[in-house]
> 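This is the structure I have questions about; it appears just below.
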Amino acid sequence: MTAEPLLSVQGLEKHFPVTKGLLQRQVGAVKAVDGVSFDVFKGETLGLVGESGCGKTTTGRLITRLIEPTGGKVVFDGHDITHMSQGRIRPLRREMQMIFQDPYSSLNPRHTVGAIVGAPFKIQGVQTEHGIKKAVQDILALVGLNPEHYNRYPHEFSGGQRQRIGIARTLALKPKLIIADEPVSALDVSIQAQVVNLLEDLQSELDLTYVVIAHDLSVVRHISDRVAVMYLGKLVELADRKALYETPMHPYTNALLSAVPIPDPKRRQGRERIRLQGDVPSPLNPPPACRFHTRCWKAQEICKVEEPPLLQLAPGHQVACHFPENAPAAGGTAEGTTEAAAPAQT
Amino acid sequence: MSDNFLDVKNLKVHFPTDDGLVKSVDGLSFALDRGKTLGIVGESGSGKSVTSLSVLGLHKGGRAKISGEIWLDGEELVSATPEHVRRLRGKKMAMIFQDPLSAMHPYFTVGAQIIEAYRIHNKVTKKVARKHAADLLGRVGIPQPDRRVDSYPHEFSGGMRQRAMIAMALSCDPELLIADEPTTALDVTVQAQILDLMRDLQRDFNAALIIITHDLGVVAELSDDILVMYGGKAIEYGSAEDIFERPEHPYTWGLLGSMPRLDREPTERLLPIKGSPPSLINVPAGCAFHPRCAFEGRTGGKAGTEVPELAETEGGHLVRCHLPREERRAIWANEIKPNLESA
């Protein structure tokens, strides 16, 4: 993948101010996203995983400029959109759309499906060959809904169908990039699979690029080409799917994978588990240096004083850890030593 | 009377509404012994939560029409007075709810809520009850339990709240514990902690545990027996091994095919079930699953007209399906299983 990335995120930051008192003095900041960098290439799917509060949703909203970043840069298709004015960014919004998690609250209950899916055409002033209605009906058919249901309201549809309406709306203007924030987590298991398959079909049919934000590691593994793992506003590991799931280097990734319940009663015994202690610390007051050190079983002194940089330890495999696992023995960098050889630098 | 610790026989819970009769649970039977875990699996609207609330008697006195029998340790609960069931609740049977934030009272400390339940069922002083509450919080892994007894629910994190909920449920040593989606609101690393905790506690307390969830992974981690529900009825019931190794109902196959799994190669495509779960006001005639069933055509037209019986296929493994047993086994072995395992 040497081609120009479709989306490039560099050192992205979002600090939400915490204010107190009558004068609303700022007393602190929630560092929801704190220096995140990655590229997304045309036609691929990047999965963004992490637990609640890790900043994955905020990252998605920053990319689409639904909220203003406090630092860093977002480059989309060659344009730096980080601080672009609303007027100039509007044409670019056609190319970049978002699918939301909750199919109940993301559709206006007073609008018909036709109005919801047709809104992008009106807002963007796009001319269609046979009128907006025809275009909307084509899209409805594309996502597996009955075009005859053009005049129905969202409450007449089931959860899975509503998510299809949401997907139809994002597809209306033939975007290049789709950010999907937990696209299936609100759906029943059997419906989840339908929507996952639909997203995959649409990708190959329409040549789409996805950033899929999810907490479900099994879904992300199924749908993604590359996966980024976030913890407390930082990227801790980024690798292609196979490498991340088979040879995870960051202890946190390892712990996440071992925590996923396996639907096989025979594996109940004898499965080696890593059990993390406690909960994710508050992003208001994250631990210094390596943010994972409070829950990490490999943490040493250095982890409390020096923040590990995100380094490429294997081709296409970036990790931010002082003591990575599964790292190639002849690590390319100073920090790329294996577990056994890693000295406690105090 | 019944030999099992918990024996539910032909339980029906119907709700009359303006739009018609909602048959949330329609003829459900299952049994459970002390020290064993039953997993109830189903999608939204399958009746799994209504089942658990009925066992606890929480639908008594409401609009629900309940019939059938629920035997708990030799006592029948459907015909018992609400007052009698109330005295059993908390003491003999207890519940762990899905969302600990809405299940706990925000105005009272966690300790006060545990103490209240404990003192209703036990004649002890406040001091003894407080000590008991702190012990329980420590038992479920809350650090500094003597201090945290006086914390309010909002001062706890999600995982700690769920632990406190479990402590509350355990306060009177219940013999039957029902957990309704106990980990759905939690992150995956915290979920693993809670599942470990529940497994340990069940071993120590030797309680009968019913775990209700839509997540087959969670069920596989904990359950001895599994009951799969669809449209208010059991469609498959057997040991965990039966359900995962030799499932015979097309809906169970569909659930297994819908799940992306970490322990297998990512297949090219998931194998979803078409359509969506039925509305309980308007359950399809015949087999409730037939409009979504891929093998409906092989039943000779019976699927749409006759409700299939829940029949034993082998050694306590029950299946509700019109397809002949041999054909079901052939379909699983030749058409379903290979697809689930293909690389």
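Within every chain, numbering begins at 1; the chains are lettered A, B, ... in the order of the sequence lines, protein sequences first and strands thereafter. Computed from heavy atoms alone, side chains included, the values below leave out hydrogens, waters and symmetry copies. None of these values were measured; they are calculated from a predicted model.
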> If you tally heavy-atom pairs under 4.5 Å against chain A, which of A240(B), S276(B), S44(B), G159(B) wins?
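Most heavy-atom pairs within the cutoff with chain A belong to S44(B).
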> Quick one: pull up CG in L262(B) and CG in D216(A) and give me the separation to the nearest 0.5 Å.
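L262(B) atom CG to D216(A) atom CG measures 8.0 Å (nearest 0.5 Å).
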> Picking from K274(B), M160(B), E245(B), H214(B), which has the most non-hydrogen pairs under 4.5 angstrom with chain A?
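Looking at each of K274(B), M160(B), E245(B), H214(B) in turn, E245(B) comes out on top.
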> A side-chain contact here means heavy atoms from C-beta on lying under 4.5 Å apart; do M259(B) and P263(A) qualify?
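Side-chain contact under 4.5 Å: yes.
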> Mind ranking S239(B), G158(B), G275(B), G257(B) by heavy-atom pairs under 4.5 Å with chain A and telling me who comes out on top?
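Of S239(B), G158(B), G275(B), G257(B), G275(B) has the most heavy-atom pairs under 4.5 Å with chain A.
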> Do P261(A) and Q191(B) make a side-chain contact, defined as non-hydrogen atoms from C-beta onward lying under 4.5 Å apart?
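A side-chain contact under 4.5 Å exists here.
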> Find the one option among V280(A), L217(A), L276(A) whose heavy-atom pairs under 4.5 Å with chain B are most numerous.
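The candidate making the most pairs under 4.5 Å is L276(A).
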> At a heavy-atom distance under 4.5 Å, which candidate from L222(B), L186(B), T183(B) has the highest pair count against chain A?
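Result: the option with the highest number of such pairs is L222(B).
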> With a 4.5 angstrom heavy-atom cut-off, which part of R163(B) approaches chain A: side chain, backbone, both or neither?
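Nothing of R163(B), per the 4.5 Å heavy-atom cut-off to chain A.
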> When only pairs under 4.5 Å are counted, which of V219(B), L255(B), I226(B), D196(B) shares the most heavy-atom pairs with chain A?
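Ranked by heavy-atom pairs under 4.5 Å with chain A, first place is D196(B).
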> For chain B, which residues of residues 183-194 of chain A have at least one non-hydrogen atom nearer than 4.5 Å to it?
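Those residues of residues 183-194 of chain A which have a heavy atom under 4.5 Å from chain B are D188(A), V189(A), S190(A), I191(A), A193(A), Q194(A).
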> In the structure I gave you, are the side-chain heavy atoms of R261(B) and D264(A) within less than 4.5 Å of one another anywhere?
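Yes, their side chains come closer than 4.5 Å.
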> Hey, which of G254(B), P143(B), S223(B) has the most heavy atom pairs under 4.5 Å with chain A?
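Result: the option with the highest number of such pairs is S223(B).
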> What part of S158(A) gets closer than 4.5 Å to chain B, counting heavy atoms only: side chain, backbone, both or neither?
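Contact with chain B is through the side chain of S158(A) alone.
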> Apply side-chain hydrogen bond (donor to acceptor under 3.5 Å, both in side chains) to residues E51(A) and T189(B) and explain how you reach the verdict.
CA-CA 8 Å; E51(A) 296 182 281; T189(B) 57; 2.4 Å; yes
> Roughly how far apart are R269(B) CZ and E200(A) CD, rounded to 0.5 Å?
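Interatomic distance, R269(B) CZ to E200(A) CD, rounded to 0.5 Å: 6.5 Å.
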> Side chain from CB out, backbone as N, CA, C, O: work out which of these in V196(A) comes under 4.5 Å of a heavy atom of chain B, or both, or neither.
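Just the side chain, heavy atoms under 4.5 Å.
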